[in-house]
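In listed order, ligands and their atoms are each counted from 1.
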Amino acid sequence: MLMEQLGFHHRLDGLWCDGVRLSDIADAFETPCYAYSLARLDFQLRRFARAFEGLNVLPCYAAKANNNPEILRHIANHANHANLPWGMDAVSGGELKVGLDAGFAPERMLFSGVGKKDTELEFAIEHAIVINIESLFELESIIAIAKLRGLRARIGLRVNPDVDAHTHPKISTGQKKNKFGLSESMLDAALGRINEASECIHVAGISSHIGSQIIDISAWKTAALYLVKLADSFHTSGHKTLEFIDFGGGFPVRYEGDAEPPGIEAFAEIIRSALQNCQTTATKRLRIVVEPGRWVTAEFGGLLTRVIGVKEHFIVVDASMTELIRPALYDARHEIVFENNLSFPEEGQRFDVVGPVCESSDVLVQNICLKNVPKKNQLAVVLQAGAYGFSMASNYNLRPLPPEILISGEQMTVIRQRQKA
Ligand code: LLP
């Protein structure tokens, strides 16, 4: 079983998240609801710092994974009492504002995304936030805005290295066929244009992001080497403005049925050795940026749900694809644990756990084996749900967005109320 003592775990008297019983959370706030373990989040942040020790690194949390303002504030503040300050990667004007409000310093923020509107670009330029550009049309918009305002926009060049990340096709982003990043010919054209407009454009970095949940570490290595080589070629051809290489995100977590994926330490090692083998000292000195999203928040979150009823092999629960769309969208396999009803793969009865939404794809967990047939109102928790859980939730079927509860020791705090119907 995946549950560990830190975060969600089983005790003799039921399911717990840190020092709080899940049934107390469910009784107080009703289900479906998200619960987050602060201790588990801190564990990830500490593990990251250890893995990247000795590197000049700026981790920019990809807020799209979980953009609850309180969680963002915690990650931003973590910076104040640890040696390693965190930045944030935003992909919309909304995320930029929430990030700044949460206390992320603008110089530690990035603005990513393939289609940014002028109003969003203006906001980023005014706050001197680095914009990772992905197209020539975006470059033109930035030049026009910066000229008009008399400002010098700070940009990163997000390249598309045409590398197959061997992940789910819907979360693969680094191949030519994907809409993301600058191809080699676009990059050449962009550099020419930047030369002409250097008074209003400052190229601070180069970046790439080839996909999410990357188990095949060799694909990530290929992209990393591509970036380091590119930085070298910038330096040997006389470019002097580069400050960072941004290796993107994609660090995996273990979902149900998976083998243990490569740890964050293995990714840090790839960066270390790529930098050791680079051609120029200028590249060696660059700051390292990474943009982890899932890895930071997936495992600190669980979706609490209660059984509505059981018919044949269907366990119908009160959570659905509107709270957690990952199984329906990516065939993702999340672990589910029922209170007082452990799964026994060999001996038990097989079930699908489904939600109330009027879609056959509304399946949360498939083919689990339980010792007993669950009873009405029995509590369960869907694990690894802290990333791309609430942040992808919807109002489909007019279902209200669920509340989010932060667990700190024995305390529970509502960090987002259930949406009013
Ligand atoms: N940076 C950029 C530019 C991104 O587009 C993403 C994710 C990340 C960083 C963070 O990637 P991560 O470290 O979380 O793998 N909804 C999907 C995942 C979509 C990821 C989109 N981009 C899922 O639930 O699996």
Side-chain angles (χ1 to χ4, degrees), residues 44 48 51 58-67 71 75 86-92 95-96 99 109-116 130-135 138 156-161 165-175 178-182 205-217 219-220 223 227 244-256 258 261-264 267-268 289-301 303 321 323-334 364 382-394:
Q44 292 302 93
F48 182 94
L58 171 63
C60 287
Y61 170 62
K64 63 169 80 65
N66 184 319
N67 54 28
I71 301 305
I75 296 173
W86 278 68
M88 197 194 102
D89 174 54
V91 286
S92 68
E95 283 192 359
L96 283 173
M109 287 177 75
L110 294 172
F111 187 21
S112 303
V114 75
K116 308 175 188 86
V130 170
I131 303 169
N132 270 336
I133 73 153
E134 301 208 23
S135 64
E138 181 177 359
L157 299 164
R158 176 172 173 183
V159 296
N160 181 326
H166 297 122
T167 182
H168 192 284
K170 286 186 183 159
I171 52 175
S172 174
T173 53
Q175 286 177 281
N178 303 125
K179 66 181 174 180
F180 299 98
L182 301 162
I206 50 173
S207 83
S208 104
H209 170 78
I210 61 166
S212 197
Q213 184 65 9
I214 298 175
I215 305 284
D216 175 7
I217 200 157
W220 204 85
L227 277 182
F244 67 83
I245 307 183
D246 173 2
F247 294 91
F251 313 118
V253 302
R254 181 147 81 97
Y255 290 102
E256 180 67 355
D258 290 348
I264 194 87
F267 291 89
V289 173
V290 284
E291 304 171 0
R294 183 192 313 272
W295 187 85
V296 180
T297 45
E299 289 173 65
F300 95 132
L303 174 61
M321 67 192 289
E323 290 79 31
L324 183 66
I325 201 173
R326 302 196 67 258
L329 204 53
Y330 317 113
D331 305 310
R333 289 165 305 173
H334 288 256
L364 285 176
V382 183
L383 297 172
Q384 305 95 30
Y388 306 111
F390 185 95
S391 65
M392 296 183 78
S394 79

Distance dump, ligand 1 polar atoms to protein, N/O, under 3.5 Å:
{"unit_1": "ligand 1", "atom_1": "1 (N)", "unit_2": "Glu291", "atom_2": "OE1", "d": "2.4"}
{"unit_1": "ligand 1", "atom_1": "5 (O)", "unit_2": "Lys64", "atom_2": "NZ", "d": "3.4"}
{"unit_1": "ligand 1", "atom_1": "13 (O)", "unit_2": "Gly250", "atom_2": "N", "d": "3.0"}
{"unit_1": "ligand 1", "atom_1": "13 (O)", "unit_2": "Gly293", "atom_2": "N", "d": "2.9"}
{"unit_1": "ligand 1", "atom_1": "14 (O)", "unit_2": "Arg294", "atom_2": "N", "d": "2.8"}
{"unit_1": "ligand 1", "atom_1": "14 (O)", "unit_2": "Tyr388", "atom_2": "OH", "d": "2.6"}
{"unit_1": "ligand 1", "atom_1": "15 (O)", "unit_2": "Ser212", "atom_2": "OG", "d": "2.4"}
{"unit_1": "ligand 1", "atom_1": "15 (O)", "unit_2": "Gly250", "atom_2": "N", "d": "3.3"}
{"unit_1": "ligand 1", "atom_1": "16 (N)", "unit_2": "Tyr330", "atom_2": "OH", "d": "2.7"}
{"unit_1": "ligand 1", "atom_1": "24 (O)", "unit_2": "Arg326", "atom_2": "NE", "d": "2.6"}
{"unit_1": "ligand 1", "atom_1": "25 (O)", "unit_2": "Arg294", "atom_2": "NH1", "d": "3.3"}
{"unit_1": "ligand 1", "atom_1": "25 (O)", "unit_2": "Arg294", "atom_2": "NH2", "d": "2.8"}
{"unit_1": "ligand 1", "atom_1": "25 (O)", "unit_2": "Arg326", "atom_2": "NE", "d": "3.3"}
{"unit_1": "ligand 1", "atom_1": "25 (O)", "unit_2": "Arg326", "atom_2": "NH2", "d": "2.9"}

My understanding is that only residues two or more places apart in sequence, or in another chain, count here; which of them pass side chain to side chain contact (heavy atoms under 4.5 Å, CB included) with Glu138? Lys116, Leu121, Ile131, Ile133, Glu134, Ser135, Ile142
Keeping Arg294 on the side-chain end and Tyr388 on the backbone end, is there a donor-acceptor pair under 3.5 Å? no
Smallest heavy-atom separation, Val253 atom then Asp258 atom, equals O-OD2, 4.3 Å
Qualifying residues under side chain to side chain donor-acceptor pair (under 3.5 Å), relative to Asn132, sequence neighbours excluded: Asp246
Verify, without hydrogens or angle tests, whether Thr167 (side chain) and Gln213 (backbone) share a donor-acceptor contact under 3.5 angstrom. yes
My understanding is that only residues two or more places apart in sequence, or in another chain, count here; which of them pass salt bridge (Lys or Arg N to Asp or Glu O under 4.0 Å) with Asp331? none
